[in-house]
Amino acid sequence: MRISIASDHAGFDLKSALASASFLDEGVFSTETSDYPDYARIVCHKLLNGDIDFGILICGTGIGMSMAANRFKGIRAALCHTSQDALYARAHNNANILCLGARTQDVETAKEIVNVFLETPFEGGRHQRRIDKMDS
Ligand code: RB5
């Protein structure tokens with residue numbers, strides 16, 4: 001699985017805590033002020049180009065990143081606060097981007113959410129029909 005991770009300045013510390021050799025780090029690389037739409041765009045373009053399978057986007061609340069990412073057709077970004085959110089985001093919504101809020105959740109919960117998100121398959125079936133309606 002190819003996975004990109006990116007954040008704005010508010011998400012930098014959580015991104016660093018989640019860092020893994022298997023994630024492509026698309027920035028930011030410091031806590032210097034930055035604009036979350038710029039980093040959402042980088043990851044969404046890579047995903048829509050087929051360069052990656054999943055993205056993880058982090059800002060202060062995860063709200064700005066999810067708004068920015070969901071403007072791209074074909075992106076299904078899910079802001080998750082719990083493992084259960086992550087499970088359903090994948091199983092029912094086939095989410096391809098996970099959004100996290102660095103100011104609204106702790107690191108251990110965020111790690112659990114990432115694991116569940118990446119390990120849960122899409123169930124397809126009736127859920128695919130609903131996703132098709134969002135894309136039409
Ligand atoms: C930055 O201060 C903050 O507004 C941003 O990280 C994010 O929470 C926006 O949704």
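For ligands, and for the atoms within them, numbers begin at 1 and follow the listed sequence.
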Visitor: Cut-off 3.5 Å, side chains only: do D13 and S16 have a donor facing an acceptor?
Guide: no
Visitor: In Å, rounded to the nearest 0.5 Å, how long is the span from OG of S83 to CD of E119?
Guide: 10.5 Å
Visitor: Mark yes when over 12 heavy atoms from residues, nucleotides or ligands other than R130 sit less than 6.0 Å from its CZ; otherwise mark no.
Guide: yes
Visitor: Under 3.5 Å, which donor-acceptor pairs do the side chains of residues 31-48 form with other protein atoms, sequence neighbours left out?
Guide:
unit_1, atom_1, unit_2, atom_2, d
S34, OG, H9, N, 2.9
S34, OG, H9, ND1, 3.3
K46, NZ, E26, OE2, 2.9

Visitor: Applying side-chain contact (heavy atoms from CB on, under 4.5 Å), can you list everything that pairs with A86, at least two apart in sequence or on another chain?
Guide: C80, I113, V116, F117
Visitor: F122: what forms a side-chain contact (heavy atoms from CB on, under 4.5 Å) with it, not counting sequence neighbours?
Guide: R90, N94, H127, Q128, I131
Visitor: One pair per line, please: each N/O atom of ligand 1 matched with every protein N/O atom under 3.5 Å away, atom names first, then the distance to 0.1 Å.
Guide:
unit_1, atom_1, unit_2, atom_2, d
ligand 1, 2 (O), R103, NH1, 3.3
ligand 1, 6 (O), D8, OD2, 2.6
ligand 1, 6 (O), G60, N, 2.8
ligand 1, 8 (O), G60, N, 3.1
ligand 1, 8 (O), T61, N, 3.0
ligand 1, 8 (O), T61, OG1, 3.3
ligand 1, 10 (O), T61, OG1, 3.4
ligand 1, 10 (O), G64, N, 2.9

